[in-house]
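For the single chain, residues carry numbers from 1 onward in sequence order. Side chains are part of it too, since the values below use all heavy atoms of this structure and drop only hydrogens, waters and symmetry mates. Remember, it's 1-based here, ligands and their atoms both numbered in the order they're listed.
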Amino acid sequence: MEKSKQKEELINEFLSGGAGGALKNLKKFRELMVRYDCAIREVRTKFEVLNEELSFRTSRNPIESISSRIKSPESIVEKLARQGNPLTVDSVKENLNDVAGIRVICSFIDDIYRVADMLAQQDDITVIEIKDYIRKPKLNGYRSYHMIVEVPVFFSDSKQVTRVEIQIRTVAMDFWASLEHQMKYKKSAADRPDIAAELKSCAEVIAATDARMQGIRKRIEKLESEL
Ligand code: 0O2
């Protein structure tokens with residue numbers, strides 16, 4: 001079957017699933033998306049507060065920028081189908097950890113661990129999973145610190161514990177990941193070991209530069225403290 005048609009059919013199946021038909025399912029799906037949106041706002045605020053406090057204490061901003069996204073219905077359905085999970089709204093909650101996603105871009109490598117630890121220690125945050133692709137980079141060179149956390153979202157009549165995927169990386173790691181992401185979908189580059197090796201080598205140069213930049217910052221801090 002043609003790929004786009006197959007996708008369309010999966011989405012139709014998802015939206016028409018469940019007792020009560022399409023409209024009921026659509027309402028339930030929208031409610032769930034509101035929940036993810038609120039969870040993103042809560043976690044984002046937590047990072048903004050940490051950045052304010054740390055910049056006041058250390059006179060520099062550990063966080064350069066924060067972005068967020070909610071996974072599109074197409075990607076949600078595609079991922080559930082790929083995993084072989086049911087195409088239902090309940091299945092989204094049960095099987096997907098990355099519907100709500102936040103990306104935090106830090107200045108230096110040690111800032112990543114500092115803000116990640118500070119978030120993890122907060123009372124209302126439960127850390128479900130950590131993938132440290134900085135200490136253990138992916139084979140292609142990808143580096144980033146990933147956390148799956150649960151945060152309670154308070155509505156008028158209920159508390160909904162909601163999962164959020166957080167990616168924390170330096171400006172340099174983000175530069176590599178963004179460009180690699182753009183290029184990995186190019187058919188002509190697929191299965192080209194020379195291109196993969198070049199990309200990996202760029203990731204290593206970037207990692208070494210990150211480490212040097214952090215070293216420079218530490219030397220300056222030492223000089224400042226001796227004044
Ligand atoms: P998008 O559009 O960014 O959301 P899981 O989500 O746990 O089922 P996985 O692959 O085990 O899947 O999770 P992992 O390793 O934590 O990676 C999830 C996300 O990290 C990806 O989301 C990417 O955003 C990013 N990522 C992981 N590996 C790479 C990589 O090699 N290159 C780049 N540029 N980004 C990567 P999605 O779902 O792929 O897409």
Margin query: Please list, in number order, the atoms of ligand 1 under 4.0 Å from a heavy atom of Lys71.
Written below: 4 (O), 38 (O)

Notebook entry, point to check: How close do Leu80 and Thr88 get, heavy atom to heavy atom, and via which atoms?
Noted result: CD1-O, 4.2 Å

Notebook entry, point to check: What residue and atom, counting heavy atoms only, is the protein's closest point to atom 34 (N) of ligand 1, and at what distance?
Noted result: Glu180 OE1, 2.9 Å

Margin query: Below 3.5 Å, N or O to N or O, backbone or side chain included: is there any such pair between Arg169 and ligand 1?
Written below: no

Next item on the list: Identify the protein heavy atom lying closest to atom 15 (O) of ligand 1, giving its residue, its atom name and the separation to 0.1 Å.
Entry: Tyr133 OH, 2.6 Å

Margin query: Give me the nearest non-hydrogen protein atom to atom 1 (P) of ligand 1 as residue plus atom name, then the distance to 0.1 Å.
Written below: Arg69 NH2, 4.2 Å

Margin query: Is the ring pair Tyr142/Trp176 parallel, tilted or perpendicular, if the boundaries are 30 and 60 degrees?
Written below: tilted

Margin query: Give me the residue, atom name and distance of the protein heavy atom closest to atom 13 (O) of ligand 1.
Written below: Lys131 NZ, 3.2 Å

Margin query: Considering non-hydrogen atoms of the protein only, which is the closest contact for atom 18 (C) of ligand 1, and what is the distance?
Written below: Glu165 OE2, 3.6 Å

Next item on the list: Could you tell me whether Arg217 sits above the aromatic face of Phe108, with NZ or CZ closer than 6.0 angstrom to the six-membered ring centre and within 45 degrees of the axis?
Entry: yes

Next item on the list: State the atoms of ligand 1, each with its element, that fall below the 4.0 Å cut-off from a heavy-atom position in Lys138.
Entry: 27 (C), 28 (N), 29 (C), 31 (O)

Next item on the list: For atom 35 (N) of ligand 1, find the nearest protein heavy atom and state the residue, atom name and distance (0.1 Å precision).
Entry: Tyr142 CE1, 3.3 Å

Note to self: Any side-chain to backbone donor/acceptor pair from Arg143 onto Gly141? Under 3.5 Å, distance only.
What the structure shows: yes

Next item on the list: Compute both the distance and the angle, then confirm whether Arg169 meets the cation-pi test with Tyr133: under 6.0 Å from the six-membered ring centre, within 45 degrees of the axis.
Entry: no

Next item on the list: Looking only at protein heavy atoms, identify the closest one to atom 21 (C) of ligand 1 and say how far it is in Å.
Entry: Gln167 NE2, 4.1 Å

Notebook entry, point to check: Hey, is atom 40 (O) of ligand 1 touched by any protein heavy atom at less than 4.0 Å?
Noted result: no

Check: For ligand 1, does Met173 get within less than 4.0 Å through its side chain, its backbone, both, or neither, judged by non-hydrogen atoms?
Finding: neither

Note to self: Hydrogens and angles aside, do Ser107 and Glu64 bring a side-chain donor and acceptor to less than 3.5 Å of each other?
What the structure shows: yes

Margin query: Under 4.0 Å from atom 28 (N) of ligand 1, is there at least one protein heavy atom?
Written below: yes

Checklist line | Sub-4.0 Å atoms of ligand 1 with respect to non-hydrogen atoms of Ala177 | finding: 34 (N)

Check: For ligand 1, which atoms have a heavy atom of Arg103 less than 4.0 angstrom away?
Finding: 24 (O)

Next item on the list: Please say whether more than 12 non-hydrogen atoms of neighbouring residues, nucleotides or ligands are located less than 6.0 Å from CG in Leu223.
Entry: yes

Margin query: Taking atom CZ as the centre, does Phe155 end up with more than 12 heavy-atom neighbours from other residues, nucleotides or ligands that are less than 6.0 angstrom away?
Written below: yes

Item checked: Heavy-atom closest pair, residues Val99 and Met33 -> CG1-CE, 4.0 Å

Checklist line | SB check Asp37 Arg41 (cutoff 4.0 Å) | finding: yes

Notebook entry, point to check: What part of Asn140 sits under 4.0 Å from ligand 1 if we count only heavy atoms: the side chain, the backbone, both or neither?
Noted result: side chain

Notebook entry, point to check: When hydrophobic residues are tied together by side-chain contacts of less than 4.5 Å, even through go-betweens, does Ile109 share a cluster with Ile206?
Noted result: no

Margin query: How far is atom 5 (P) of ligand 1 from the closest protein heavy atom, and which atom is that?
Written below: Lys79 NZ, 3.4 Å

